[in-house]
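Bear in mind the structure is a predicted one, so any value in this text is a computation, not a measurement. Keep in mind that the numbers below use all heavy atoms, side chains included, and drop hydrogens, waters and symmetry copies. Throughout, protein chains are lettered first and strands after them, A, B, ... in sequence-line order, and every chain is numbered starting at 1.
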Amino acid sequence: MESLAWTPWRPLRLHTDISAEILTEQLDGGQSFRWAAQPNGSWTGVFGQTLARLRTGKQGLEWSAPVADAAAEERLCEYLDAEGKQARLAEALPWRSDSVLRAAMAANPGLRILRQDPHETLIGFLCSSNKRILQIRVMVAALASKLGRPLGGGFYALPTWAVLAAADDEILRSCSLGYRAAYIRETAKILKQRPQWAADFAKLTTPELMATLQELPGVGPKVAACVTLFGFARLESFPVDTWVVQALSSAYGLKGWKPERLEEFGRLHFGPAAGLAQQFIFSAARQGVLPAAPALETKTRPKSRK
DNA sequence: GTCCAGGATTCAG
DNA sequence: CTGAATCATGGA
């Protein structure tokens, strides 16, 4: 393996500083599947064509990148919302009147949506159906290392649609994709014909973008919502997965609601940054720190405790 | 061996 | 149209 020259660690000034725990939640909490924790506690990952390292030090967030990549810092600032666009959106969420959201935000203060590349987001969530986050990361890592462009140090960018469309069946199968291999393959066949797909899609309104994404094989309502949220920075998009269904059912008392109706509830209740609220609730639910529904709304005896 | 996983698609009613 | 079965794979 070729050795790679890294820049020294340097501070990355964020509008809202984040702790080591929040950094972990952002990089490894199901938004991106491209970051790996190193033994020394730092993170190494790829976003777009950029390879970088991140860690939290005494001065706050610190970064390092291959010395050859002069644009890495600027890309990291965009990726991590260093400017703080989401701080204002988070403040405007209805946490004052919503104790569940307030608890979820308090559990992960400063948590933000990563500003990801559409291509990597679509590949990641095409792999996501019926899989755990850890396994999705393994699948995506295999696609990168077997078919992607080397970035040095044993790291790889994700393969292009053209490469994926032409990839040998054995290679795809060896990535543990299961039935999702067909999703990747068929979507690749379509998108390799239009290299400007991401720029074209970015011009669409969010409802149009959602509908257009769902024309792709393997993209349903939830995957489309994740791609619009994480890959196209549509903060109003509200993905409803199994965790959100469970969380809205138990914490908001919306029992038996179907995903489509829960998505509408999320967008109406949380507003322009519903996707950011969703990420707080998703993370809190996975961490098991989401409060239960108020006793008034539960029909069973309110006093039964374990 | 059984069950389930940041769901989507296909099929039955 | 809605709801259930099916999909391939790995880990608990």
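Side-chain contact check for Y79(A) versus L114(A): some heavy-atom pair is nearer than 4.5 Å. Looking at heavy atoms from C-beta onward, Q116(A) lies in side-chain contact with Q31(A) at the 4.5 angstrom threshold.
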> For DNA chain C, what string of dots and brackets results from 5' to 3' when Watson-Crick and G-U pairs need both distances under 3.5 Å, crossing pairs get [ ], and pairs with another strand get |?
Replying inline: |||||||.||||
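Within 4.0 Å of G30(A), counting heavy atoms only, lies at least one base atom of the nucleic acid. When heavy atoms are screened at a 4.0 angstrom cut-off, R286(A) is found touching no nucleic acid atom at all. Within the nucleic acid shown, Q279(A) comes within 4.0 Å of at least one base atom, counting heavy atoms only.
Nucleotides of DNA chain B nearest to R180(A) and G218(A) differ in position, and the one nearer the 5' end is that of R180(A). Both L177(A) and R132(A) lie near DNA chain C, and the one whose nearest nucleotide falls closer to the 5' end is L177(A).
Under a 4.0 Å N-O distance rule, the pair R75(A)/E78(A) does not qualify as a salt bridge.
Note on ring orientation: taking the six-membered ring where Trp is involved, the planes of F47(A) and W35(A) are parallel (angle under 30°, cut-offs 30° and 60°). Aromatic ring pairs are classed by plane angle as parallel below 30°, tilted from 30° to 60° and perpendicular above 60°; the pair F155(A) and W6(A) is perpendicular.
Comparing the P positions of dT6(C) and dG6(B) gives a spacing of 22 Å, expressed to the nearest Å.
Annotation: F265(A) is not in aromatic contact with F238(A) [ring centroid separation under 6.0 Å not met].
A donor-acceptor pair shorter than 3.5 Å can be found between the side chains of E25(A) and Q287(A). In this model, a donor atom of one side chain and an acceptor atom of the other lie less than 3.5 Å apart for E236(A) and T206(A).
Looking at residues two or more places apart in sequence or on another chain, you find a side-chain hydrogen bond (donor to acceptor under 3.5 Å, both in side chains) between S129(A) and Y179(A). By the side-chain hydrogen bond (donor to acceptor under 3.5 Å, both in side chains) test, D200(A) is found to be paired with R194(A), residues two or more places apart in sequence or in another chain being considered. Under the ring pair (Phe, Tyr, Trp, His ring centres under 6.0 Å) criterion, F201(A) pairs with W197(A), sequence neighbours left out. Residues forming a ring pair (Phe, Tyr, Trp, His ring centres under 6.0 Å) with F232(A) (at least two apart in sequence, or on another chain): none. Legend: residues meeting side-chain hydrogen bond (donor to acceptor under 3.5 Å, both in side chains) with R286(A), ordered by chain and number and at least two apart, are absent.
Annotation: proximity of residues 219-245 of chain A to DNA chain C (heavy atom, distance under 4.0 Å) is found for no residue. Within residues 167-176 of chain A, the residues that place at least one heavy atom under 4.0 Å from DNA chain C are, in residue-number order, R173(A), S176(A).
The footprint of chain A on DNA chain C, defined by a heavy-atom cutoff below 4.0 Å, extends from dG3(C) to dG10(C). Boundaries of the chain A contact region on DNA chain B are dA5(B) to dT9(B), first to last in 5' to 3' order (nucleotide atom under 4.0 Å from a heavy atom).
Sorted by first and then second residue, the side-chain hydrogen bond (donor to acceptor under 3.5 Å, both in side chains) pairs with a member in residues 260-273 of chain A read D98(A)-H269(A); sequence neighbours excluded. Among residue pairs with one or both ends in residues 214-233 of chain A, those qualifying as side-chain hydrogen bond (donor to acceptor under 3.5 Å, both in side chains) are T228(A)-S237(A); sequence neighbours excluded.
Both cation-pi conditions hold for R55(A) and W9(A): the charged atom is under 6.0 angstrom from the six-membered ring centre and inside a 45 degree cone around its axis.
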